[in-house]
Structures are given as C-alpha cells and as structure tokens.
Number of protein chains: 2
Amino acid sequence: MEAIAKFNQFLRQKGLRRTKQRDELVEVFLRTEKHLSTQDLFDIVRKKDKDVGYATVARTLKLLAESGLCRVVDFGDGVQRFEHKYGHEHHDHLICLKCGRFVEIYSKKLEKLQDEIVKKHGYIQEYHKLHIFGLCPRCGKPGKRGK
Amino acid sequence: MEAIAKFNQFLRQKGLRRTKQRDELVEVFLRTEKHLSTQDLFDIVRKKDKDVGYATVARTLKLLAESGLCRVVDFGDGVQRFEHKYGHEHHDHLICLKCGRFVEIYSKKLEKLQDEIVKKHGYIQEYHKLHIFGLCPRCGKPGKRGK
DNA sequence: GGTATAATGATAAAGATAATCAATATCGTA
DNA sequence: TACGATATTGATTATCTTTATCATTATACC
Ligand SMILES: [Mn+2]
Ligand SMILES: [Mn+2]
Ligand SMILES: [Zn+2]
Ligand SMILES: [Zn+2]
C-alpha cells in the first residue's frame, strides 16, 4: 500500500480526521527523504503555507510515528528527529562527531547476532538502536577536517 | 590506579581544585553501582549533606565523565544517566519497555562485527551505543506483567 | 597569612516537548 | 445540503532537564 493511503487508513481506523494541514504535512514529509526535526518540518511547510502551527507539526509527526510511517531517531543531542520507516529497510547509524555527517548501515549478520543475545536473556525484542560515533573519512584524515 | 586517585589526578592535571563537595560526590557515586541521573545523585547526597547544590552535582558528574570515571547513558527518555566506566568493561543494554528493568550485554563477536562495518565505511570509531528495547522475561509472560 | 582564582549554591535562562483552550473544521447523519 | 457532535487547530503556556550567571566562599600555592 502507498504510504499516504496507509496514513489515511490509520486516521480512519483511529476515528481521526483528515485535514488540510495533515495532508500537507504528510505530503511534505514523504517527499523529503531526510532525518527531520519538528522545527525542520515546520520551516519547510511554512514556506508554502503560513497557516500551519508548530503544535500541529509536532502532533502530526507523532501520528506519523504511531502509524508506522516514520520512526524517531535520537542521536543524543537533545533533539528528536524523524525518518522514513514505511517501505524502508531497518538500518542503524554511523555518525561523525566532528561534522555530523552520517551513513546508514545494515548487516544481516549483526542483526542475527543481536537476536541471539536477546533470546539468550529471555527478552522479546521490539526494536533496537545502534549508534556508532566516530570520525568520517573526511574528518578522520589529518590535515583536512571539519565541514 | 584506584578510581578516586584517577579523578584527583584529573583535577590536578586540569588545574581544578579538590573540594569537600567533589570528594563527597565522587565517593557516593563510586559506592553506588547504578545508572544515576543528576537528580538521583543529588537525592542520595542530600541525605548526608544538606549543603550540596544541584548545580554542583551536575557539574561534578560532567567532570566524572570527562575524567573517564563514568559515561553517559541515554535511553531516550529525556534524562541523562551516568554509569561507571573506569574499571568496567564496555557493554550495551537490553531494556524492558514495560517495567524499565534492563540487563547489560556484551558479545565479543558483536563488537568485532561492528568494527568491521565501521572500517568498511572508512570511519574511525570513537564509541557506540546499542540499546535493544523489548519485554523482559517477566513482562513478556502473558498473565504476569508490569512491575 | 595573603592572594589569585576556582568552586559553590541559588536562581535564572535556554531549549525542547507536551498540555491548555477558545475558535474552527470535519464528517456521519438526517 | 444542513446539522451537530466532536476532533483539530494555532497561539500560548506549562513542564522538564540541562546549562549559564553571579555574588559569595573556599582552595592552593607562595
Ligand atoms: Mn536513517
Ligand atoms: Mn550499564
Ligand atoms: Zn565528519
Ligand atoms: Zn519488564
């Protein structure tokens, strides 16, 4: 199913309503393949429509997460970011401490190993977050550094 | 070297001073093998000494992290916690979404696999954080749940 | 002891997310 | 199409944690 359809289905199933603001926000979010904070999305939408409030952006992002269209990414810098989830493979992140550049990583082997560890402890996994911090190729090279 | 000695060495090397408060806080922190928030440590110390301010607790925890005695643990609930690091092996966390119970996990194999992935992307790893969320054995069992 | 200056505690500021509330929009129903 | 219950909105405030400020006090080196 298409992402927008899935969101609207979610709204209906929850007894929530479609609104001009939600339509706009979902459309913009889906069009923007980035890790967006509430402020980020607010700024983008505001360029097109001055009548969208910050609170609505925050509320809509929460709904998007609930509906399974996005998930929260927390790099520990005090700001929640939201990234696409629906139709995207699970992945983790490798983040540069100097410039903030990051890459998405995935390893079936790694995931499997994690599953085994979880099982060994008798836990039932819901999700996990692996963040590896370090220096990107550019920042790690002595001589050239920073963004 | 003993942990307290290492901290005092750190202070001296930075041109910082030993104080009654720092001595107390470090002593209490090292005696408490838990994942403490600033508020947690403040509450504990306050029972013995009413003359320690919250700001000092926060500042001292930051120094403890800088000195390598502790590290920050962020489970994404908006509160920074601090856990022992010096003299402790690296480990990750497996956290119960229902009751908050968690266990510390470690796998040499997992660590090695992560290193390979980092290298493959040309990054230089500084540290990483793996948090696996799910249900603990108690909460996962249907019938019995919660704390 | 004297002195430069680091440290402290109380308080305010910052910065993000969540709650409040009167006004408005939505949507099933008639 | 109009009605009406109620979900939604935008502006604002509240909340919560971490960080900054600053006058006062304590430390360490001489
Ligand atoms: Mn991502
Ligand atoms: Mn731990
Ligand atoms: Zn970089
Ligand atoms: Zn549990």
Side-chain angles (χ1 to χ4, degrees), chain A residues 7-29 35-67 70-82, chain B residues 4 7-29 35-67 70-83:
Chain A
F7 183 67
N8 290 332
Q9 184 190 51
F10 167 82
L11 291 179
R12 176 160 295 268
Q13 178 243 321
K14 285 271 184 180
L16 305 179
R17 295 172 181 175
R18 278 187 65 180
T19 67
K20 171 173 150 290
Q21 290 90 337
R22 284 178 182 166
D23 281 354
E24 269 181 27
L25 285 164
V26 173
E27 201 251 315
V28 171
F29 177 79
H35 298 66
L36 297 171
S37 66
T38 304
Q39 185 68 54
D40 289 339
L41 184 55
F42 176 72
D43 291 341
I44 295 173
V45 170
R46 269 298 183 116
K47 286 177 187 163
K48 292 219 161 185
D49 184 350
K50 287 287 183 198
D51 295 331
V52 177
Y54 187 91
T56 299
V57 178
R59 286 187 285 235
T60 302
L61 279 170
K62 190 176 264 183
L63 289 177
L64 281 169
E66 279 180 55
S67 74
C70 74
R71 66 167 178 158
V72 178
V73 184
D74 182 355
F75 288 163
D77 61 349
V79 186
Q80 290 186 337
R81 287 162 203 289
F82 301 82
Chain B
I4 291 185
F7 183 66
N8 290 332
Q9 183 189 54
F10 167 82
L11 290 180
R12 175 160 295 270
Q13 177 244 320
K14 284 273 185 179
L16 305 179
R17 296 171 181 176
R18 278 187 65 180
T19 67
K20 170 173 151 290
Q21 290 89 338
R22 284 179 182 166
D23 281 354
E24 268 180 27
L25 285 165
V26 174
E27 200 250 317
V28 171
F29 177 78
H35 298 66
L36 297 171
S37 67
T38 304
Q39 185 68 53
D40 289 338
L41 184 54
F42 177 72
D43 291 341
I44 295 173
V45 171
R46 269 297 182 120
K47 287 178 187 162
K48 291 217 161 186
D49 185 350
K50 287 287 181 197
D51 294 331
V52 177
Y54 187 92
T56 299
V57 178
R59 286 187 284 237
T60 302
L61 279 169
K62 189 176 265 183
L63 288 177
L64 281 168
E66 279 181 54
S67 74
C70 75
R71 67 166 179 159
V72 179
V73 184
D74 183 354
F75 288 163
D77 61 350
V79 186
Q80 289 186 337
R81 287 164 203 288
F82 300 83
E83 70 173 352

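Keep in mind that the numbers below use all heavy atoms, side chains included, and drop hydrogens, waters and symmetry copies. Throughout, protein chains are lettered first and strands after them, A, B, ... in sequence-line order, and every chain is numbered starting at 1.
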Between atom [atom1] in [X] and atom [atom2] in [N], what is the gap in whole Å?
| X | N | atom1 | atom2 | value |
| --- | --- | --- | --- | --- |
| A/D23 | D/dT9 | CG | C1' | 14 Å |
| B/D43 | D/dT17 | CG | C1' | 14 Å |
| B/R12 | C/dA7 | CZ | P | 13 Å |
| B/L11 | C/dT8 | CG | C1' | 15 Å |
| B/R46 | C/dT8 | CZ | P | 14 Å |
| A/L63 | D/dT8 | CG | P | 8 Å |
| B/L25 | C/dA7 | CG | P | 14 Å |
| B/K20 | D/dA28 | NZ | P | 14 Å |

*Is the distance from OP1 or OP2 of C/dA25 to the nearest side-chain N or O of A/T19 less than 4.0 Å?*
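No, because none of the side-chain N or O atoms of A/T19 sits under 4.0 Å from OP1 or OP2 of C/dA25.
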_Looking at C/dA25, I'd like to know if its phosphate oxygens (OP1 or OP2) sit under 4.0 Å from a side-chain N or O belonging to A/Q21._
no
Distance from [X] atom [atom1] to [Y] atom [atom2], nearest 0.5 Å?
| X | Y | atom1 | atom2 | result |
| --- | --- | --- | --- | --- |
| B/R59 | B/Q21 | CZ | CD | 9.5 Å |
| A/R18 | A/L11 | CZ | CG | 8.0 Å |
| A/T60 | A/F42 | OG1 | CZ | 12.0 Å |
| A/F29 | A/I44 | CZ | CD1 | 10.0 Å |

*Salt-bridge test for A/D51 and A/K20: reply yes if a basic N is under 4.0 Å from a carboxylate O, no otherwise.*
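Judged by the 4.0 Å cut-off on N to carboxylate O distance, A/D51 and A/K20 do not form a salt bridge.
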N/O to N/O distances under 3.5 Å, protein versus nucleotides 16-24 of chain C:
residue, atom, partner, partner atom, Å
C/dT17, OP1, A/Q80, N, 3.3

Flag the pair [X] / [Y] as yes when at least one side-chain heavy-atom distance between them is below 4.5 Å, and no otherwise.
| X | Y | value |
| --- | --- | --- |
| A/F82 | A/V73 | no |
| A/V79 | A/Q39 | no |
| B/K48 | B/V28 | no |

Please write out the pairs of protein N or O atoms and N or O atoms of nucleotides 4-6 of chain C separated by less than 3.5 Å, giving the distance to one decimal.
residue, atom, partner, partner atom, Å
C/dT5, O2, B/R17, NH1, 2.8
C/dT5, O2, B/R17, NH2, 3.2
C/dA6, O4', B/R17, NE, 3.3
C/dA6, O4', B/R17, NH1, 3.3
C/dA6, O4', B/R17, NH2, 3.4

_Before you tell me yes or no, could you show the steps for B/R81 and B/D40 under side-chain contact (heavy atoms from CB on, under 4.5 Å), namely the whole-Å CA-CA distance, both residues' side-chain angles and the distance that decides it to 0.1 Å?_
CA-CA 9 Å; B/R81 287 164 203 288; B/D40 289 338; 3.5 Å; yes
